[in-house]
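Structure record follows, encoded as structure tokens.
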Amino acid sequence: MRLAARLSRKVHEVKETVTDVLLAALARAKQKGELKLDAQPAVLLETPREKSHGDLATTLALTLAKPESKAPRKIAEIIIANIRDEAGIIEKAEIAGPGFINFFFKQDRWKQTLFEIDAEGAAYGLKNVGKGKKVLVEFVSANPTGPLHVGHGRGAAVGDALANLLSSTGFVVTREFYINDAGRQIRLLALSVYSRYQQALGNAVPFPEDGYHGAYVEEIAQGFTKLHGDRYLRVPFDDCLDIFGDYGKEMMLADIRTDLDSFGVRFDVWFSEASLLKDGSVRRSLDELLESRNCYEQDGALWLRSTTFGDDKDRVVIKKDKSYTYLATDIAYHRNKLGRGFESLVNIWGADHHGYIPRVQAVIQAFGHGKDALHVVLVQLVAILRHGQPVPMSKRAGTFVTLRDVIQDVGSDAARFIFLTRRSDSHLDFDLDVAKEQSRENPVYYVQYAHARLASLMREAESRGIAVPGKDGVNIALLDLEEEQNIIKALAKYPEVIEDAALAYEPHRLTFYLQDLAGLLHNYYFKHRVITEDTARTGAKLFLMKQVKTVIQSALAILGVNAPEKM
RNA sequence: GCGCCCAUAGCUCAGCUGGAUAGAGCAACGGACUACGAAUCCGUAGGCCAGAGGUUCGAAUCCUCUUGGGCGCACCA
């Protein structure tokens with residue numbers, strides 16, 4: 001029964017199988033008294049960089065050297081002597097270097113990968129590591145006081161790809177946009193629109209010093225005029241703040257939605273900060289924290305006792321003047337998130353907010369959840385380059401590059417891919433000219449071209465009346481070229497890449513994987529012809545190419561990038 | 001002053017929970033189109049992993065310090 005279970009394991013679970021084999025070998029050695037094994041060692045397996053080091057290697061003998069007080073190579077010998085490969089996947093195991101044990105698999109084992117991809121299609125490689133766990137991914141969350149800029153674009157690309165990645169690996173994901181529609185910024189937007197409105201109608205009021213200077217404010221004022229005429233001309237600002245604020249906010253939100261839509265990003269929930277104030281949940285949250293003594297009053301203000309949970313100092317949530325700080329609404333917001341049954345909260349934030357993390361983690365803990373229920377992904381700023389020169393950006397001067405500009409300039413695919421070509425917390429130089437270039441220098445085209453090439457190949461085969469064989473009609477043993485082996489191994493690695501990327505919250509790993517896979521494909525494709533006189537071999541190669549196409553396509557889908565059939 | 005992040009080829013960056021000879025791309029130089037898409041491929045060159053200690057069988061990776069960058073340290077949002 002157990003043997004059957006092991007045999008039925010998929011190729012990408014070969015690691016687990018070898019782990020079992022090793023654990024069994026250790027148990028046997030212990031039984032025979034060859035090893036003491038006072039503590040169960042962790043069995044770590046990794047894919048060696050160097051091909052001559054086999055398909056999988058373990059450092060088990062090295063880590064056991066000390067507790068066993070034996071030479072590592074001697075321990076390796078003992079382990080190998082006790083290996084019983086019931087699943088029959090190991091061709092040989094050899095000792096190398098200081099005591100590595102290198103496993104070489106039977107060729108057939110790798111080739112099973114191709115049958116798996118063929119059978120599972122887009123679902124190949126998607127392990128259920130999430131097990132239905134509910135995750136909330138909150139991202140972009142821009143103030144509705146201006147258009148989205150490139151920084152938001154990066155956050156959108158990272159957040160959306162991460163959400164795709166998580167839902168592909170068995171998490172139940174909700175995408176949420178937190179609308180910062182309470183407080184000063186909205187008031188400032190209202191005042192800015194109000195001023196432009198008055199000015200447009202000939203009432204020369206001064207424009208607020210710290211107002212929003214962008215041209216979009218004038219457009220909003222124009223729209224407002226169309227709707228309301230001169231009804232609010234010479235009405236004091238304080239008497240019409242809300243109507244200007246609401247109108248401006250709605251217009252900006254509509255704008256933001258449009259941009260995100262053309263970027264291929266959709267949210268499940270648009271959550272209003274103002275609603276937390278309106279429905280009293282801020283008040284209730286704070287009462288609850290007072291009750292649990294995580295809040296206290298001092299010097300006429302209300303404080304969160306965040307130091308209990310590792311913050312540097314306690315934080316004010318209600319100021320002396322009785323108004324709330326930003327943290328107050330954030331407390332209510334995160335309480336709300338937890339109350340909706342999410343077991344894991346992922347927040348995508350600009351890196352400049354990193355100092356805020358301990359505070360919010362304290363909030364999570366004050367509500368009785370583990371610190372790790374919240375995971376913050378930091379996204380660094382983006383510098384836009386044109387002709388290799390940085391484009392100066394200033395929010396005050398209104399000269400920042402908007403996401404819309406970038407999408408129009410280089411396209412959504414290129415923008416998304418490039419945003420994901422770096423770890424999110426590392427600084428990114430986005431060169432608009434490179435992003436438009438159609439060459440190796442531009443990783444998007446490099447990968448998309450690989451897919452288009454394969455699509456073209458399939459068309460070519462079809463036009464010649466050659467069908468891609470099914471699993472019963474293909475002789476996979478004919479895939480004996482070194483380049484073919486390399487490609488197959490890369491395909492076999494895909495499930496691990498997906499899983500690791502999801503668990504580390506690092507979608508960029510997928511872009512690197514894709515570039516590697518595309519590189520292998522281009523290399524192979526250049527050196528060898530797929531369609532030849534040899535029909536059996538042609539069939540096997542086409543079968544392989546089909547699987548490569550599937551994997552490229554599904555990885556690109558996770559990144560939110562198109563896989564074109566033609567370019 | 002305190003805290004967080006970072007420092008890897010000329011440039012931009014990978015390097016998975018420490019592992020075997022540190023990898024890509026660009027730029028430079030030299031090659032490959034009568035063949036399924038040359039938006040491609042191959043080769044050459046390029047490194048004291050910022051510096052100094054420490055931990056251990058083994059360090060780019062972990063710890064400490066130094067130097068040099070970025071960011072945060074509000075009863076702002």
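In what follows, chains carry the letters A, B, and so on, assigned in the order in which the sequence lines appear, proteins first and then strands, with residues in each chain numbered from 1.
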**Asked** Rounding to the closest angstrom, what is the interatomic distance between B:G37 and B:G47 at atom C1'?
**Response** 37 Å

**Request:** Under 4.0 Å from any atom of RNA chain B, heavy atoms only: list the residues of residues 540-551 of chain A that qualify, in numerical order.
**Result:** none

**Asked** When rounded to the nearest Å, what value does the distance between C1' atoms of B:C76 and B:G15 take?
**Response** 40 Å

**Message:** For the NZ atom on A:Lys489, are there more than 12 heavy atoms of other groups (residues, nucleotides or ligands in this structure) within a distance under 6.0 Å?
**Reply:** yes

**Request:** Tell me whether A:His354 is stacked on the nucleobase of B:G72, counting only the six-membered base ring and applying the 5.5 Å and 30° thresholds.
**Result:** no

**Message:** Suppose you measure atom C1' in B:A45 against the same atom in B:G30; what distance do you get, rounded to whole Å?
**Reply:** 11 Å

**Complete:** Result for 5'-nearest mapping on RNA chain B, choosing between A:Asn180 and A:Ala351, is A:Ala351

**Request:** Measure the distance between the ring centre of A:Phe100 and the centre of the six-membered base ring of B:A20, then answer whether it is under 5.5 Å with planes under 30°.
**Result:** yes

**Message:** Give me the distance, rounded to whole Å, that separates B:A14 from B:A52 when you measure between the P atoms they each carry.
**Reply:** 24 Å

**Pair A:Glu68 + A:Lys74, salt bridge at N-O below 4.0 Å** = no

**Message:** Check A:Asp330 with A:Arg359, please: is the shortest side-chain N to carboxylate O separation under 4.0 Å?
**Reply:** no

**Item:** Rounded distance (Å) that lies between atom C1' of B:U12 and atom CZ of A:Phe419
**Value:** 16 Å

**Prompt:** Which range-with-range stems can be found for RNA chain B when each stem has 3 or more Watson-Crick or G-U pairs in a row and both distances sit under 3.5 Å?
**Reply:** B:1-5 with B:69-73, B:10-13 with B:23-26, B:28-32 with B:40-44, B:50-54 with B:62-66

**Ion pair check, A:Glu460 and A:Arg464, cut-off under 4.0 Å** = yes

**Request:** Salt-bridge test for A:Lys549 and A:Glu565: reply yes if a basic N is under 4.0 Å from a carboxylate O, no otherwise.
**Result:** yes

**Item:** Candidate list A:Val377, A:Val379, A:Ile357, test side-chain contact (heavy atoms from CB on, under 4.5 Å), partner A:Trp349, passing option
**Value:** A:Ile357

**Asked** With rounding to whole Å, what would you report as the distance between B:A50 and B:G70 at their C1' atoms?
**Response** 16 Å

**Prompt:** CD1 of A:Ile357 versus P of B:C5: gap in Å, rounded?
**Reply:** 10 Å

**Message:** Under a plain distance cut-off of 3.5 Å, with no hydrogens placed, do A:Gln515 and A:Tyr446 share a side-chain donor-acceptor pair?
**Reply:** no

**Prompt:** Any side-chain heavy-atom pair from A:Val401 and A:Phe430 closer than 4.5 angstrom?
**Reply:** no

**Request:** Take atom P in B:A9 and the same atom in B:G25, then report the distance between them in whole Å.
**Result:** 16 Å

**Asked** Once you round it to whole Å, what is the distance between C1' of B:A24 and CD of A:Gln515?
**Response** 8 Å

**Message:** Are A:His375 and A:Tyr505 packed together at the side-chain level, in the sense that at least one heavy-atom pair is separated by less than 4.5 angstrom?
**Reply:** yes

**Prompt:** Taking N and O atoms by type only, does the side chain of A:Asn102 place a donor or acceptor under 3.5 Å from a partner on the base of B:A20?
**Reply:** yes

**Prompt:** Can we say A:Lys127 and A:Asp500 salt-bridge, meaning some charged N sits less than 4.0 Å from an Asp/Glu carboxylate O?
**Reply:** no

**Asked** Thinking salt bridges, do A:Arg509 and A:Glu506 make one under a 4.0 Å N-O criterion?
**Response** yes

**Item:** Enclosure of A:Lys70 NZ (heavy-atom neighbours >12, cutoff 6.0 Å)
**Value:** yes

**Request:** Return the 5'-most residue of the pair A:His53, A:Glu273 with respect to RNA chain B, ranking by each residue's nearest nucleotide.
**Result:** A:His53

**Fill in**
With syn defined as a glycosidic angle within 90 degrees of 0 and anti as anything else, the base of B:C33 is syn

Interface polar pairs with nucleotides 73-75 of chain B, N/O, under 3.5 angstrom:
residue: B:A74; atom: O5'; partner: A:Lys313; partner atom: NZ; Å: 3.3
residue: B:C75; atom: O2; partner: A:Lys320; partner atom: N; Å: 2.6

**P-based separation of B:C48 from B:U8 [nearest Å]** = 12 Å

**Message:** Would you measure the distance from the C1' atom in B:C49 across to the matching atom in B:A22 and give it in whole Å?
**Reply:** 8 Å

